[in-house]
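Please read the structure below before turning to the comments.
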There are 2 protein chains.
Amino acid sequence: MENVRNLFQLLSRNFGLLNEQCCDNCCGQEISPVQSHILYEINRQHQPSMQEIAGALGMDITTFSRQVKTLVDKGFVKKTPHPADNRINILSLTPEGLGIENNINLTVNTQLHSVLSTMTEFERETVIRSIKLFNDAMQKSTSSCCTPPK
Amino acid sequence: MENVRNLFQLLSRNFGLLNEQCCDNCCGQEISPVQSHILYEINRQHQPSMQEIAGALGMDITTFSRQVKTLVDKGFVKKTPHPADNRINILSLTPEGLGIENNINLTVNTQLHSVLSTMTEFERETVIRSIKLFNDAMQKSTSSCCTPPK
DNA sequence: GACTTATAATTGCGAATTACAAATATTAAG
DNA sequence: CTTAATATTTGTAATTCGCAATTATAAGTC
C-alpha cells in the first residue's frame, strides 16, 4: 500500500502556512485562519444558518458561535433572524467582510499561481484537475463524518 | 486568472478534518493534530534539532518547545543533548512514539486509499503524481518563508 | 391552550494553545 | 576574559477550544 499520507501531510502543512502567511500579509491582525475559513464558507453558501456553516467546517457549534461573534464585532459578518423561525440566524458578509474575503482570495490566488507558474501548461492543468477530482471523492467519502446521520 | 484558491481551501479543510478524526479514532485523547505533525517530522528527519523541526513546521520556537515537553512527558519523544554542542537537543521518537506514528500512518493511509478507491486506476495515479508535483513546486516556492535567510 | 419535547444558539468554565518578551545555558569570537 | 551569538526554556497574558448547562424559540401531544 503506497504511503499517500506523506503527500497529504506535506500538502496540508504547506497550505496551512500559506494560509497564515496570507492572513498576516493581506489582512494584518484583523483576521485569523479559522475566521478566514468562516468568511469563505459564508460567502459560498446561500443564506446559510449558523449550523450549516459550522457543520460544513466541522467546527464545534459553541466555538463557532464565539468566532462569529467576534466577526460580527469586527463588522465583517451580519446575523439576520430567519423570517420563519426566530431560533435560526442567517449569516451573511457585510461589504467590509466581502472586501476582506476578496482580498484573501486575490492574495492566495496570486501566491498559488506563482507556485503553479513553475510548471508546464500541461502539468498545471493536470494538477488542477486532479485536485478537483480528489476533492469530489473526499466530499462523498467524508460527508458522513461532518453531517452526522441524525 | 482561475480561482485555484477554492480547490485548496477545500482540500486543506478536508484534510484537516480527516487529520483530527484520525487523532480521535486511532490515538484517543493522547495526541493532537499539531503533535501529530511534530511526530511525523521528527520521524522523517535524521537526528533533527528543535530548531530544525520547528522551522520545517513553521512553528514558533517557544510554542514548539512546550509541545515537545508534553510529548516527552507522554513518553513519545526523547531529547538527547548534541555531543558536540550542549545547547542543541537532538529529537527522536521513543518506541511508543514510533508506535503512535505508525498507527497514524496506517489509519490515514487506509482512509485516503478508501477515498482514492472510488477512482479509476488512471485517475488515482494521476492524482498522486499531481500532488507530488505540486508539493515540490510549493516547497521551492515557500522555502524562503519558513527558513528565514538570516 | 397547557405541557412536553426538540432544535438553534449562547454562556460558564476550565483546559490547552499561542506568541511576545525576558531569562538561562552554552558556545564562539575578539 | 569579556562580549556577542545561538539554542532552548520560562513568565505571562491573550486567545481558542469543547463539554455541560442555559436560554429562547418552535413543534408535537393531549
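Just so you know, these numbers use all the heavy atoms, side chains as well, and skip hydrogens, waters and symmetry mates. Note on naming: letters A, B, ... go to the chains in the order of the sequence lines (proteins, then strands), and numbering restarts at 1 for each one. Note that the structure is a prediction, hence the values are computed from the model and not measured.
Proximity of A:Gln45 to A:Leu91: side-chain heavy atoms (C-beta onward) are nowhere separated by under 4.5 Å. Residues A:Ser65 and A:Met50 meet the side-chain proximity criterion, which asks for heavy atoms closer than 4.5 Å. Counting heavy atoms from C-beta outward, A:Val4 and B:His113 have side chains that approach closer than 4.5 Å. In this structure the side chain of B:Phe134 reaches within 4.5 angstrom of the side chain of A:Leu112, judged on heavy atoms.
What separates NZ of B:Lys79 from C1' of D:dA7 is a distance of 11 Å, to the nearest Å. Note: CD1 (B:Ile90) to P (D:dT8) measures 8 Å, nearest angstrom. Here the P atom of nucleotide D:dT9 and the CD1 atom of B:Ile53 are 14 Å apart, to the nearest Å. Taking atom CG of B:Leu91 as the reference point, atom C1' of D:dA7 lies 12 Å away to the nearest angstrom. Rounding to whole angstrom units, CD1 of residue B:Ile61 and P of C:dA22 are separated by 19 Å. For the pair B:Gln47 CD and D:dA7 C1', the interatomic distance rounds to 17 Å; values are reported in whole Å. For B:Phe64 and D:dA7, the CZ to P distance is 14 Å, given to the nearest whole Å. The CD1 atom of A:Ile88 sits 18 Å away from the P atom of C:dA6 (whole-angstrom rounding).
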* Asked: Given A:Tyr40 and A:Asn105, is the side chain to side chain donor-acceptor pair (under 3.5 Å) satisfied, shown in steps?
  -> CA-CA 9 Å; A:Tyr40 173 83; A:Asn105 234 337; over 6 Å; no
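With respect to B:Arg44 and B:Glu101, no salt bridge is recorded, no charged nitrogen being found less than 4.0 Å from a carboxylate O. A salt bridge is defined here as a Lys NZ or Arg NE, NH1 or NH2 lying under 4.0 Å from an Asp or Glu carboxylate O, and B:Arg13 with A:Glu41 meets this definition.
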* Structure fact -> Heavy-atom contacts, protein to nucleotides 14-23 of chain D, under 4.0 Å, summarised as B (base), S (sugar-phosphate only) or - (none) per nt, yield --SSBBB---
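Taking side-chain N and O atoms only, B:Gln51 has a distance below 4.0 Å to OP1 or OP2 of D:dT8.
In terms of modelled atom types and a separation under 3.5 Å, the side chain of A:Gln35 and the main chain of A:Ser32 share a donor-acceptor contact.
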Taking only nitrogen or oxygen atoms into account, show me every contact under 3.5 Å that the protein makes with nucleotides 26-29 of chain D, one pair per line with its distance.
unit_1 : atom_1 : unit_2  : atom_2 : d
D:dA26 : OP1    : A:Asn86 : N      : 3.0
D:dA26 : O4'    : A:Arg87 : NE     : 3.4

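Considering CZ of A:Arg66 and NZ of A:Lys69, their distance stands at 10.5 Å, rounded to 0.5 Å.
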